[in-house]
Amino acid sequence: MHKFFNYTTAASVLVLASATFSFAETTYNTANTISLDVDHADSFQHFAPELPQMRARAATINTEFGLHVSEIEPGLFFVTDLIYQSAFVVTDDGIVVLDAPPSFGANLRNVIAMTAPDAEITHLIMSHGHRDHNGGSHLFADIPELEIVAAAQVAETLEEFPLEGVLAPTQIFDSTLDLTVGGIEFQLQTANFHAEDADVMIYLPDQKFLMAIDTVTPGEAPFMNFGATTNVNAYFETFATFLEYDFDHFLSGHVSVLGNRQDVVTARDYAFDVRNTVYGLMPGFNDRMMEGLEAVEFQNANLAYRVAMEGIRDDCAEQIISRWKNKLSVVDLWADSHCETTLVYAVMH
Ligand SMILES: [Zn+2]
């Protein structure tokens, strides 16, 4: 058994104990605590390193640009600072930029200028309005007649709650928009797998390129709480939507690796394994709750509820880690959050 789960089980016992014994002597405990102290029962050293097959795919920074830049299809450039991702397309009628993360700083603009010195930037298409993916758009503000394309819901959100560095859209659409720039087709379609207002899937059919941000992390388990989704059910359903597209490249906004079709299939299988595992454990919820209630002599129902939730979460995470630890990196870091996200959804629906 992984030491992490010994600890969380111990934490549950400790919480139960704190109800019985003097509160003043209790150190507050929350689950999911990672200690940087190597001697701690929940030391960071108990977590597995990244898998070699993932490390082998990692992109490297081109020091001339300060970013990794690669031409993945003629005229279509993939860009990453190894944490965030974006892309740009050089067409005969100008350049189309797909997201401008603030972590790139001015480097994205510099890279574009070095790649296509005589071409003008005509469009910036925003996958969604979050600052961490488009807060670098202000660096394009001086470009005359730049079209900033985004979903109408994103424009509304930004009008009400402007975000630092995120330019206001100039061209908005409700659910779909087909753009052709210099003979290159861009098919935009809104979805709701991540952001609270709208996400946009950006598809270039001739390049077999699909961009959907904050979803899949190629080679890794999804980020905490399934990419911090605001819509759990839509997150699960989105994989089928992605796979309806004919694509070879999948740009998902994070890690240094550009994804492919297999990465989306793997992420779908992982997510549904979590879902099936949680739902498989749900019939035991009441028994776990009753066990907690009895332990606190029916004096603290919230505590019993938490014990039931933690029990299912931890049993789920243990199963998920054992099945996925050799297939995806950092499963042991995030599996409990995926199980918990699914569990919270399951108890409400
Ligand atoms: Zn986001």
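Atoms within a ligand are numbered from 1 in the order they appear, just like the ligands themselves.
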Handout entry: Pair Q262, T266: side-chain N/O donor-acceptor within cut-off below 3.5 Å
Key = yes
Exercise for the section: Quick one: name the residues clustered hydrophobically with F78, using the 4.5 Å side-chain heavy-atom rule over I, L, V, M, F, W, Y, and just say none if it's on its own. Expected result: I72, L76, V89, V96, L98, I125, V149, F173, L177, L179, V181, I184, F186, L188, V200, I202, L204, F209, M211, I213, L251, L258
Exercise for the section: Using a strict cut-off of less than 4.0 Å between a Lys/Arg side-chain nitrogen and an Asp/Glu carboxylate oxygen, indicate whether K327 and D273 qualify as a salt bridge. Expected result: no
Problem - Geometric cation-pi criterion R261 and F250, 6.0 Å radius, 45° cone - result: no
Practice task
Applying side-chain contact (heavy atoms from CB on, under 4.5 Å), name anything that partners R275, two or more places apart in sequence or on another chain.
Solution key: N233, F236, F272, Y279, T342
Handout entry: 2.8 Å cut-off (strict), protein N, O or S atoms about the Zn ion (ligand 1)
Key = 4
Problem - Results of side-chain hydrogen bond (donor to acceptor under 3.5 Å, both in side chains) for S70 - residues two or more places apart only - result: H68
